[in-house]
Structure formats: C-alpha cells, structure tokens
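Reminder, nothing fancy here: chain letters follow the sequence lines and each chain counts from 1.
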Amino acid sequence: MQTKFISREQKRHDKKGERLSSQFYTVGKPAPRKDAIPKVTGQEKFTTDVVVPGMLYGRVLRSPYPHARVKRIDTSKAEAMGAVCITFEETPKIKYNERIVSIPSATFKDRTVLTGKPLHVGEPIAAVAAETEEKAEKALKLIEVEYEPLEAVFDPIVAMKPGKPNLHDHIIIEDKVVEIKNNIAAKLEIAEGDVEKGFQEADIVIEREAKLGRPYHAQLETKSAVCVPEPNGGVTIWTTTQTIHNCRILIGEIFGIPLNKVCVKKVALGGSFGSSIQMNTILPICVALALKAKKPVKLVSTREEDMYDHCRYSMIIKYKLGAKKDGRLVAGQMDVVVDIGAHNIQAYPLIGCMAGWLVDLYKIPHIKYSAKAVYTNKAPACAMQGFGNPQVNFIAQTMMNEIAEKLGLDPIEVELKNYVGLGDVFWGQGPTVRSVIRSCGVEELIKKGSEMIGWRNRGRPEEKKGDIVRGIGMARGFHTSGAGGPLPGEAVDFSGAMIKINEDGTVDVIASLQDMGGGALEAGLRIVAETLGVPLDCVELAPTDTCTSVYDVCLHATRGVYVGGGTLKKVAEQVRQKLLEYASRILGTYPQYLKIRPDEKRKQGIIYAEGISGKEITIREVAATARNKNWGTIAAVDSLRQAQCPPAYTVYFLEVEVNKRTGEVRPVRAVVGADCGTVIDPIYAVAQIHGSFYRGLSYALYEDTRYNRKTGELTNKGFLSGYNILKAPDMPNPDDVQVFFASTYEETGPFGAKGIGEAAINPVPAVVANAIYNAIGVWIRQTPITPERVLKALKEKGGE
Amino acid sequence: MVNTRILASEFEYFEPRTINEAVNLLAKYGQEARVLAGGSDLIVDMKVEKVNPKYLIYIGKIPELRSIAKVGNEVVVGANATFFDLIKSPLLQSFPILLEALKSIQLEIKMMGTIGGNICSAAPTASTATPLLVLNAWVKVVSARGSRTIPIEKVYVGNRKTSLAPDELLTEIHLPVLDSRYGTAFGEIKTKIKFAVVIGRRGDVCEHCRIAIGGDVEVAKRVEKAEKLLEGKVFNERAIEEACDAVVEEIDPDNWYVREVAKYLFPKVVWEAWEKAR
Amino acid sequence: MEERKIRLKVNGKDCELSVKPNELLLNVLRNKLGLTGTKYGCGTGDCGACTVLINNEPRLSCLTLAVTVDGAEITTVEGLATNGKLHPIQEAFVKHGAIQCGFCIPGIVIMAKGLLDINPNPTVEEIKEALKGHLCRCTGYINIIKAIKAAALEMSKG
C-alpha cells in the first residue's frame with residue numbers, strides 16, 4: 001500500500017521537463033468559459049434555433065402500437081393539402097446502426113430510416129413537411145394507416161423464452177446476415193481463474209440480485225435537425241449530436257451521397273448525457289424529407305417523441321461474491337440480463353464494457369462473467385452517462401459494504417484491501433484492451449473524505465432511534481478517460497484538430513470534438529493557450545463543420561479532456577515548434593533556446609530567449625513576418641490515438657435522512673473526492689462533479705420510465721409531468737456539498753489531466769444505498785429507490 | 001402523439017370585459033365553450049387533446065374578477081385572483097393554511113394560476129382544495145339565468161368534475177373569517193396525500209373539528225366520519241387513532257403506500273392544529 | 001382562424017403583431033420576433049425553459065396564448081443586459097460557473113430576475129423552492145443557487 005503514496009508524490013514532478021502545476025499560466029486557473037456570455041444572454045444558437053429561409057417544418061408519424069405490421073398507408077389526403085410526405089415504403093431500405101463508435105465487425109445493424117414493422121410505441125412510420133408546424137400537424141392527422149397489431153413482449157426474461165415473438169429475425173453485421181434467436185441481441189462470457197475453486201476458498205459467500213431502472217436522459221434540448229438540400233446533390237445539416245463526423249458518414253451511407261457533399265455543422269448542444277452518441281432517429285428522416293421536398297426542413301422532436309426515443313439500459317444483475325475473513329476478495333460470479341428495447345444500438349460494447357467495469361473495481365483472482373442483451377418492445381436504450389458502470393458499481397459496492405458489515409470490518413478497510421490502483425493492469429472499456437495504471441488517488445481520497453464527513457461517528461443502524469434517522473455511506477467508482485489502448489481494439493478512438501496562428505497573433509482552433517455542456521472544448525482552449533504560451537483571450541474556437549475539420553470520433557466515454565485535449569496539445573506543440581523556428585530566423589537564435597510567455601496586457605504571446613535581453617518578439621510580429629516574407633501559414637493539423645484510457649477515480653461520502661414512516665430519502669450532505677489528474681479549471685471541474693452527483697441521485701432515487709404492459713405506452717405518455725425527477729428543493733444545500741481533488745498527475749494526459757464526468761456519477765446509486773443501510777439497516781437493491789420501496793423493505797424487515 | 005410545441009386546436013376566441021358579457025357568451029356557447037383563466041391547466045389539457053373547446057372565453061380582462069375585499073365577516077376573493085395575489089394580500093394572512101398550501105406551487109404557476117381555475121379543475125391534488133374545504137368556503141356562480149351560491153364541498157362532485165353547469169361562471173370565493181380560538185394546520189406528502197384541519201378546543205376536549213383529505217384520492221373532500229369521532233371527545237392518541245382509521249378508509253385499499261403515509265401524516269396535522277387552538 | 005392585432009412592449013421596444021388566437025407566446029417570440037433565447041423544453045409547464053417576464057412576473061410562455069397578453073410588457077433573456085452590460089444576475093451566473101449546456105439558463109435567469117424583484121434577499125431555501133419549476137440537468141443546481149444568492153447580494157449594494 002505504501003508504494004502507492006510514494007509514486008503519487010513522484011508523479012507530481014513531470015519527467016519530461018514540463019512545468020509543475022503551480023507554474024502553469026492558464027491550466028488550473030479559473031476563467032469564465034467563452035460560451036458563457038452567449039448562453040447567459042440567449043444568443044447561443046442551438047439546433048432548435050437554426051432558421052433557414054424558405055424552410056419547411058417536419059413532423060413524424062409514430063406507431064401507437066408496441067409491435068405491429070403496417071398493412072396499408074395512405075398519404076394522399078395529406079399531400080392534397082400541400083404537405084410533403086414520406087413513408088417507410090419509399091425511404092432507403094438499408095439497415096444501419098446509428099452508433100458507429102465501434103468498428104464495423106462490432107456494429108450490429110437492425111433498423112431503417114422508417115419502418116413498416118414498428119417494434120415500439122413511437123417508432124417512426126412516416127413523416128410530413130409543410131410551411132408551418134400547424135399545417136404539418138394537420139397533414140399528419142390526415143395520413144391513414146391500417147395496422148395489424150402483433151404480440152408484444154416487455155420483459156427480457158420472458159422475451160428469451162421459446163414461442164415468444166421474435167422482434168428481429170436477422171440483423172446485419174458488416175455485410176453478413178446474422179440470425180437472431182430468442183431475442184438475444186448479444187451475449188458475452190468471460191472467465192479468469194477458477195471461480196468454483198475460489199468460492200471454496202472463501203470464508204464468506206453472498207449472492208444478491210439487483211434490478212436497475214430505465215431512466216430517460218431528459219436532456220433539455222429535444223432531438224432536433226435542420227437539413228438543407230444543396231444544388232450539388234449534397235446536404236448541409238445542423239443536428240443535436242455528440243459527433244458531427246459520424247452523422248456525416250451515416251447520412252452518406254444511407255442516402256448514397258459522397259461524403260464531401262455532406263456538410264454537418266457543429267452547433268451548441270442542449271445537453272445529451274449519451275443520448276446523441278448515435279445519430280438521432282430523426283436526422284435521416286429530416287434528410288429524407290428535405291431531399292423529397294427539395295427545400296430545407298427543420299424537424300424538432302416534442303418532449304413526448306423524445307421520451308419514446310432513448311433511455312438508459314435497464315438490467316437485472318446477479319452477483320455472487322466470496323471473501324476471506326480479512327475482507328480480501330477471492331471469487332466473483334456475475335450474470336447480467338440487459339433489457340435493450342427494440343433496437344440494438346450498442347448492447348455488444350455495453351456488455352463488454354461492463355466486464356471491464358467489474359474487473360477494474362476490485363482485484364478478484366477468480367472471476368466469471370456472463371451477460372445477455374435482450375430485445376423487448378420498448379424504446380431503445382442507448383448510452384447514458386456511465387454506460388453500465390453505475391449498474392455494476394451499484395451491486396458490487398453495496399455487496400462489498402454488506403460483506404464488511406458481516407465480517408465486522410470497516411468498509412473503508414475492505415475497500416483499501418481490494419481496489420484496483422497504481423501499477424495494476426486495467427481493462428479499460430473491456431477485456432480486449434489492457435494497460436497499466438500510472439496514476440491513482442484512491443487512498444488519498446478515501447482518507448481525506450472520511451475525515452471530512454465524520455465517518456467514524458456515523459453510528460450503527462440499530463442505534464438510531466425515531467421516525468427520522470440519518471445515515472452515512474461511502475462508495476467508490478472510476479471511469480476510463482476515453483476508449484484508447486495499446487492495441488486497436490473494437491472501439492474507434494482518436495481525435496483530430498487543426499490549429500493556426502492568425503496574422504495578428506491570435507489563434508484559431510478547428511476541432512470537430514463536441515461539447516455537451518461539460519466544457520471539454522473550454523478545457524481544450526486552456527490546453528492550447530498553455531502549450532502555445534499565449535493568453536487565453538487569444539484563442540478562439542472556430543465555427544466548425546465536417547468539411548473543414550478533421551475526424552473526431554465522438555464526445556463520450558469521459559474522453560474530452562484526455563483524448564480531445566491531448567490531441568489539441570499535440571497539434572499545438574507542432575504549431576509552437578513552427579513558431580519558434582520562424583522566430584529564430586528573425587531573432588537569430590536557435591529555436592530550441594526560445595520560450596514563449598503570455599502577455600495579458602499586450603494580448604500577445606511573447607517569444608523570448610531566456611536571459612538575453614532584446615531577443616524577444618511577439619507572435620503577431622512572427623506571424624506577420626511569415627506572411628510578408630511568404631513563408632506560409634503557421635499551422636498544423638494532426639490526429640491522436642491515446643494508447644491508454646487511464647481511470648479517473650471518485651470517492652463519495654453521503655449523508656441521507658430517511659423517514660421510516662414514509663420511506664422518503666433526503667440527501668443532506670456530501671463529500672466528494674475526485675482524482676482527475678491535473679485540474680484544468682477548478683470551477684468547471686467541480687461543476688462537472690455537481691452535475692454527475694445530481695444525475696446520480698436522481699437515477700438512484702427518482703427516475704424510471706415505466707410501461708403499460710397492455711398498450712406498450714409509457715405510463716406518463718411521454719410527458720415530463722409524469723416523470724419523477726430530482727428538482728432543486730430536494731438537492732442538498734450548496735454549502736453541504738464539498739468537492740476536493742487528489743494531487744495526482746497522469747503522465748500520459750495533457751499537462752497531467754485525465755477525465756472526470758462519468759467517474760463522478762458511477763458510485764452515486766451505490767453510495768445512496770449504502771447510506772440508507774447505515775440509517776435503517778436495510779439493503780435496497782432496486783433503482784429507483786422510491787419511498788414505496790423503502791417502506792416495503794422496512795416492513796419486510798420488521799416482519800422477519 | 002400530440003404536439004406540445006404548438007397549440008394545434010382551433011377555436012373562436014372571446015375577451016369579455018364584464019361578467020355580464022362573459023355569462024352571455026357562456027349562455028350562447030356553454031356546452032362547447034371553456035373559460036380560460038391562468039391557462040396553466042387548460043392549455044395543457046388542450047395541447048394533449050383532453051379537451052377541445054370550440055369557443056374559448058378569456059376572463060383575464062375582467063378587472064372585478066381579480067379583487068380581494070373584506071365584506072362583513074368574510075373575505076371575498078375574485079375567481080381570477082392569482083395564487084400570488086393571495087400570497088401578498090394582507091387580507092389573506094388570517095388564513096395561514098391556505099397560504100401554507102400554496103407554498104409548494106412553483107413560482108411561475110403562482111403568477112399564472114388562479115383560485116377559480118384551481119377550484120374548477122376539481123383535481124383532488126389541487127392546492128386550494130383541502131384548505132377551502134375546512135375553511136367552510138363557498139362560491140358564487142353567475143349565469144345569464146341568475147346567480148347562486150354553493151358550499152365548496154358541493155362544488156367537487158367527482159374526479160375533476162364540478163357541479164357547475166356549462167353556462168355558469170365562478171366569480172367569487174367567500175372565506176368566512178375563522179374564530180381566532182381555532183387552530184388550523186395543513187400537511188402534505190408531495191402529490192400523495194394532503195390534509196387540512198381546523199380544530200376548536202375547550203380544555204382537553206375537542207369541541208369542533210373539520211378535516212379535509214386530498215391528494216391521491218378520487219376527490220378532495222371533508223371526512224365527516226373522522227370529524228365526528230373527534231368532536232366532543234377528550235383529545236388523545238386513542239381518539240386520533242380512531243379518526244385516523246376513518247380517514248384511511250377514504251383511500252383506495254390497493255393504494256397501500258398512500259394509506260401508510262396517511263397514517264403518519266394525519267396525526268401530525270391534527271396535533272399541530274390542536275396545539276394552535278386556544 | 002382569424003388573426004388579431006396585438007401590441008406588446010418586448011424588451012422595451014413597442015411592437016404590433018398579428019397573431020392567431022391559438023398561437024403561443026413562446027412561438028411568437030421565437031418565430032415572429034426572432035427572440036430564440038426563450039426555449040421549448042416540454043410544452044407542459046414542467047421545465048421552465050420558456051419562462052419570460054410578463055409585466056414583471058415570471059410566467060410560462062409555452063402555456064400563454066399571445067392574444068391574452070395584448071398590451072403587456074414582456075422581458076426575455078435578450079432584454080436583461082443594458083447597453084452591452086450584463087445584468088448582475090447574468091454576471092453572477094458567468095462568474096460562479098452556473099452555465100454548462102446553457103439550454104435552461106435563459107428561463108432560469110429570467111425567473112431569478114422575477115424572484116429578486118419580489119424577494120430581494122432570498123434564503124437558500126427560497127431560491128431552491130423558486131427553482132422547483134426549472135429543470136437543469138447539467139449543474140445539479142448548486143452553482144445556480146450560489147449565483148442567484150451572489151447576485152442578490154450584489155444588487156442590494158445598489
């Protein structure tokens with residue numbers, strides 16, 4: 001254990017001669033983000049705000065049945081009133097998977113632009129476009145459809161039984177037809193060591209089941225698209241997406257348009273949380289409408305449509321865990337059934353990642369994992385912050401606490417005996433990619449956090465009297481920074497960027513990386529400013545589209561700072577090199593002797609030869625000279641694949657108040673420790689943690705989409721009014737949420753930085769359950785942990 | 001699937017300036033008309049196609065419907081007074097349970113929502129329902145045929161159903177000023193359950209008692225059985241328990257959770273009212 | 001449906017518009033006046049993204065028929081800054097890191113203006129309660145609450 005501390009201290013000093021964090025000019029210093037002003041004044045343009053002259057408004061006709069065949073569809077009345085109509089009969093039949101983050105052999109294609117065989121309520125059948133939304137609405141109501149309802153299945157366990165309706169007879173992988181049996185969309189089995197032998201060696205074995213709910217992303221901006229057909233046969237697109245380049249590739253493939261004629265513009269995104277890792281369902285519909293209408297079309301989902309479009313993976317996890325008397329884990333066996341809904345957007349990478357989340361949490365010598373992903377007639381599940389990690393963490397961290405309780409040990413002690421940390425092999429996003437952990441602040445976070453919350457004084461549940469009791473829980477989590485690794489793997493994971501110096505010394509950053517709101521690109525700008533040695537004021541993000549930028553896979557997997565920022569650093573270093581070369585020509589020095597410092601007053605980077613007076617020049621002068629002497633533009637463009645995906649760690653301590661008579665749980669105080677390596681911006685890193693904490697609490701305590709098993713409809717019909725969600729009054733007060741950071745340095749990351757976002761949500765459901773246990777002595781392993789479920793659990797305990 | 005981005009429904013719109021004008025319009029179009037006040041309920045219902053009126057009569061331009069005045073021993077509130085009008089009115093400060101019940105409404109709805117609209121929605125979860133019931137409020141309704149008064153408990157006749165005829169307009173809510181010796185209390189657990197209680201005491205004896213239940217029940221109402229179980233009795237745990245059983249009977253037996261939390265909340269609310277009574 | 005003429009004073013500027021009775025104020029502001037700062041989030045009054053000030057009161061523009069506010073003064077997020085200077089509430093949101101994706105921010109900033117007009121020195125509890133009708137999925141509300149509190153302090157200094 002001691003070695004970990006020594007190494008951490010060593011890591012603070014950069015081996016490659018970079019400055020210590022205290023010597024950074026821009027990195028680590030708070031500064032307002034550049035998009036704050038447009039956003040706070042209402043001037044930021046989101047997809048939903050894009051207006052193109054002459055544009056039509058689109059509306060989608062969606063299936064009212066969870067499973068049906070369209071026998072007849074007639075759009076003549078809608079067309080007679082002047083609306084442009086498209087149906088499944090005329091849109092491209094090519095099967096696609098809207099998420100192409102995985103390589104083709106790991107991408108399961110099972111859907112088309114529109115369908116005549118809807119597999120969930122809300123699946124698009126047809127669409128219209130007209131001059132106004134009102135007219136489009138009228139036209140939509142005039143489309144006549146005759147459906148043949150088919151038997152639907154909503155329970156994944158039932159769906160696997162023989163004789164149940166097959167949602168998909170076959171799917172396409174690369175160009176091969178693959179048969180689907182018993183609605184099993186994907187499965188995976190992994191074993192290391194000898195799990196049976198492991199359980200025999202264990203002094204204690206417990207086996208538990210957890211059921212995890214199906215929350216909806218509830219991003220504030222509903223899925224939207226605007227498409228302009230261009231005279232060259234191409235299209236220009238604005239859309240809610242985490243990846244403009246993948247949208248471009250898919251639109252090109254589906255509609256047979258050469259990619260250099262598909263221009264997807266980057267535009268501000270009103271939240272996403274994973275729901276736009278894939279091309280949105282409505283985008284190809286919008287494109288099809290625009291191509292048919294030969295006019296621009298805007299298509300904005302209503303909240304109801306949006307809620308029928310995407311959600312988190314719900315699942316049932318069984319876990320058997322064996323430990324020695326001293327708390328050391330010896331064997332674990334996990335069996336997972338995932339309810340993926342009507343389409344396989346990314347179940348295969350999900351179950352692979354979950355294996356990674358399992359083995360990267362604790363060192364368990366003997367382990368066995370199996371997972372099945374099953375189709376049901378529900379809205380298709382997709383990525384949502386954490387991607388299976390909160391689910392695995394929930395059962396693993398609550399069982400770890402339970403084992404500690406049963407063995408009479410402090411959960412913290414058991415945690416420190418078993419966690420995967422510095423020097424250990426890390427599976428990253430799945431079993432195929434392994435690397436070694438080079439920075440880890442877990443021990444520091446646990447020690448400091450436990451003191452801040454008053455862990456020792458939390459008391460035992462049986463000592464707590466009265467209707468309203470409090471409890472303190474602890475849980476720990478991690479997430480990978482990106483999906484990189486030493487081998488190519490099954491995920492595409494690289495970023496690209498272009499940086500150029502303008503003639504006045506300012507800097508354009510052309511990066512196709514998206515920003516969901518967390519500030520990945522803001523962090524990127526700090527990294528560019530730091531690398532170039534210019535004031536942050538000099539660096540701006542250029543408006544970007546797929547035609548003028550190089551490829552970036554997607555903003556997901558907590559990769560924004562580590563991979564996106566790492567790429568910007570790599571490119572900025574090349575620009576810096578060129579700058580120094582040009583400056584040396586002018587100054588008559590050797591480039592390797594030159595340095596750059598930002599001059600905030602002159603709003604310039606100053607290139608200077610240290611210790612030699614008079615040998616200095618502004619970047620403006622260098623750039624202007626380069627132009628006037630025809631040396632060319634000082635610019636660089638490059639891509640970066642990170643060969644690791646280092647874990648960002650978080651440790652949560654949470655105090656809850658439980659009303660034993662109503663089952664209500666109120667989070668009242670939290671201490672959050674985070675290890676994200678170097679903190680690029682202290683305000684926004686904390687803000688990221690606040691957001692993840694909030695969404696984790698809401699996931700743990702409130703959110704779920706529920707289905708009417710007769711109609712296949714959402715019980716709330718897709719309205720936010722009927723969707724339980726954590727609101728401001730139920731959050732702990734600002735002063736009662738304390739966040740602190742580990743003093744780590746990730747040598748492979750830009751200026752020592754790793755990711756943070758998803759690491760900060762993963763342990764939240766578990767910490768809630770652990771805190772509830774400490775309050776009332778009951779384990780609840782079903783999310784959301786509603787007051788009903790708490791009360792029921794208390795009654796069952798009382799009845800024992 | 002409906003489109004909540006727009007209001008797709010089409011209707012003829014009227015903006016009467018007087019009560020007379022309004023009731024004449026209602027006389028003409030009553031069956032197919034709806035009265036629009038704050039809009040926070042009705043526009044949602046129209047968007048989701050729960051109702052589809054041919055005629056919409058907006059009463060926001062009738063100044064007298066927004067007045068709040070003391071008349072004799074009553075405070076008379078115009079039906080179009082917003083929740084915020086009530087909260088800031090000095091006259092309403094003597095009805096703390098009504099103000100307490102408005103607390104949990106979001107700020108924008110406090111500005112938009114009206115007391116008349118809240119009554120006419122007749123939702124069992126309506127914020128004003130339980131306090132109005134125990135305050136013995138009554139309403140004045142006007143039509144071209146004349147006017148009549150209805151005690152509030154006779155207004156709520158079913159789930160989201162009032163006893164108002166289609167041509168009638170709710171114009172005033174009358175709140176009798178409570179005997180200052182009475183204690184009042186309001187309590188709620190989110191949308192699950194709401195209680196409002198008024199208690200008059202003499203020594204250890206509960207002399208007078210009014211109890212209203214709302215929330216996840218069929219209709220907001222007075223629970224007379226429970227009131228009778230407390231009235232004239234020594235106020236103690238046993239009496240409350242009996243009254244509580246009667247209250248819980250009002251809740252659907254399948255709704256076990258609401259029954260459980262009612263058992264927790266009800267005694268707290270009656271105790272609070274009791275302690276405030278003098 | 002027949003269009004009606006209405007007069008509005010939007011962000012201090014008089015304007016006359018023709019609207020159908022079923023047109024929502026939200027869509028009039030966004031489509032006819034080009035004020036796209038105010039957002040559609042849910043259409044049912046559950047998210048607060050469409051909040052504007054109508055005669056200085058925060059109200060939901062997605063549940064307000066434009067015809068009913070004839071003659072009213074409307075303030076949207078675009079109308080808060082004066083002469084290019086941010087309103088203290090906006091300043092505080094920027095300074096306290098209260099903005100992430102930013103889609104909910106116009107509605108929240110406007111609500112905060114309405115709140116501080118009626119309650120210049122709200123407690124944390126009162127701010128939380130006022131935020132009840134606003135959905136923000138990025139910030140966990142923490143920095144938003146801090147920003148509103150700081151703005152109140154700043155504004156009380158005059």
Visitor: Take C:T36 and A:K45, measure what side-chain hydrogen bond (donor to acceptor under 3.5 Å, both in side chains) needs, and give me the verdict at the end.
Guide: CA-CA 8 Å; C:T36 54; A:K45 290 280 177 278; 3.3 Å; yes

Visitor: Have C:E125 and A:N733 got a donor and an acceptor in their side chains that come within less than 3.5 Å?
Guide: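 A:N733 and C:E125 do have a side-chain donor-acceptor pair below 3.5 Å.
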
Visitor: Which one of C:V109, C:V94, C:I99 satisfies the side-chain contact (heavy atoms from CB on, under 4.5 Å) criterion with A:K39?
Guide: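 When side-chain contact (heavy atoms from CB on, under 4.5 Å) is applied between A:K39 and each of C:V109, C:V94, C:I99, only C:I99 qualifies.
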
Visitor: Any carboxylate oxygen within less than 4.0 angstrom of a Lys/Arg side-chain nitrogen, looking at A:D730 and C:K128?
Guide: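 No, this pair does not count.
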
Visitor: Verify side chain to side chain contact (heavy atoms under 4.5 Å, CB included) between C:F103 and A:L269, making sure each step is shown before the conclusion.
Guide: CA-CA 8 Å; C:F103 204 81; A:L269 179 58; over 6 Å; no

Visitor: Report the residue from C:T139, C:I144, C:I142 that forms a side-chain contact (heavy atoms from CB on, under 4.5 Å) with A:H690.
Guide: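 Passing option: C:I142.
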
Visitor: With a 4.5 Å cut-off on heavy-atom pairs, point out which of A:A218, A:G270, A:P729, A:G42 contacts chain C the most.
Guide: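 Greatest number of close heavy-atom pairs with chain C: A:P729.
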
Visitor: Does a salt bridge link C:R30 with A:D49, judged by any charged N lying under 4.0 Å from a carboxylate O?
Guide: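 Yes.
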
Visitor: Based on non-hydrogen pairs under 4.5 Å, which of A:H217, A:M516, A:E44, A:Q688 is most in contact with chain C?
Guide: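 Greatest number of close heavy-atom pairs with chain C: A:H217.
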
Visitor: Do you know which of A:D306, A:L726, A:I689, A:T41 has the most heavy-atom pairs with chain C at a distance under 4.5 angstrom?
Guide: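 Looking at each option in turn, the highest pair count goes to A:T41.
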
Visitor: Under a 4.5 Å heavy-atom cut-off, does chain A meet the side chain of C:Y141, its backbone, both or neither?
Guide: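 Just its side chain gets close to chain A.
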
Visitor: With a 4.5 Å cut-off on heavy-atom pairs, point out which of A:P32, A:A268, A:A31, A:A687 contacts chain C the most.
Guide: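 Option with the greatest count: A:A687.
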
